[in-house]
Structure formats: structure tokens, C-alpha cells
Amino acid sequence: MSTKRPAPRQSKLTGNGFTKVDAPAPSEQSNPRPKGKDAATPAGKTAPKRRYPHKVSFYQDPESTARVRGAILYTPQEGPRTLSQFIDHAVMAEVERLETKYNHGDPFPPITARELPQGRPMGS
């Protein structure tokens, strides 16, 4: 009693030239991304222009957020029209005020995210 096995089914994922066994070697991959310390931009060099602006997160009371949205919606003739534009405009106005008051109008030296103290302030 001999039974003939059916032929293996063709994958719908074929056509890209790779199978699970013959995936490209790391040196053949296009656009490998550095990880860890290699990902940082060396000092003195500027990072390439990003497609989207850098995202920054912060905590805010829901009531304050609702007021910000209301200010944007009910003042269409004034300045920024998106929440991101509004927040960026307001924050940069405050930064310029502080630079004028404490640094003779010159920009403060840039600081990366990890250089700021992390976590809750002591005594809170």
C-alpha cells in the first residue's frame, strides 16, 4: 500500500527572491539602522533632516488641554491652527523670554533628552 504524498503548496509570499532559509546577510540589507551608542550623532555634526518633526510628550491636566483646544478652535484668525503648532509656538515664545532674561537673548546650549534629570523631582 503505497500512498503518494501531495506536492508542497506554493507560498503566496514567493516572488521576493528570499525564503526563510536564504534571507539576506546583514551586510546585504539596505539601510541598516545602528543601535545603542552608534545611533547617536557624533558631536559637531548635525543629524539629517527628518521627514517629520521630533515628537515630544508631556503631562497636562485634562482641563488645561481642553482650554488649549478651545483657544485654537474659537480663534481661527489667530496664529497656529493645529495643536502641535500651537504648543510649539507657545513653548518657543517662553524659551525666547527666558533666553532674553537669563542669557542676554542668546540661545541656551542644546541639551539632549537624557541630559535632563529623569523621574520625579526630589522632595515630591
Original post:
Of the non-hydrogen atoms in Ile111 and Leu116, which two are nearest, and what is the gap between them?
Top reply: CG2-N, 4.4 Å

Original post:
Closest heavy-atom contact between Phe108 and Leu98?
Top reply: CZ-O, 3.8 Å

Original post:
Do Phe58 and Ile72 share a hydrophobic cluster (ILVMFWY, side-chain heavy atoms under 4.5 Å, transitive)?
Top reply: yes

Original post:
Ignoring hydrogens and geometry, is there a side-chain-to-backbone donor-acceptor pair from Glu96 to Pro107 under 3.5 Å?
Top reply: no

**OP:** Report the distance from atom CD of Glu94 to atom NE2 of His89, rounding to the nearest 0.5 Å.
**Re:** 12.5 Å

Original post:
For Gln60, does its backbone N or O pair with a side-chain atom of Ser64 as donor and acceptor, under 3.5 Å?
Top reply: no

Subject >> Residue pair Arg81 / Pro76, side-chain heavy-atom distance below 4.5 Å >> reply: yes

Original post:
Would you say Val95 and Glu99 make side-chain contact, with heavy atoms under 4.5 Å?
Top reply: yes

Subject >> Over 12 foreign heavy atoms within 6.0 Å of OH, Tyr102 >> reply: no

Subject >> Ile87 side, atom CD1; Thr82 side, atom OG1 - distance, nearest 0.5 Å >> reply: 8.5 Å

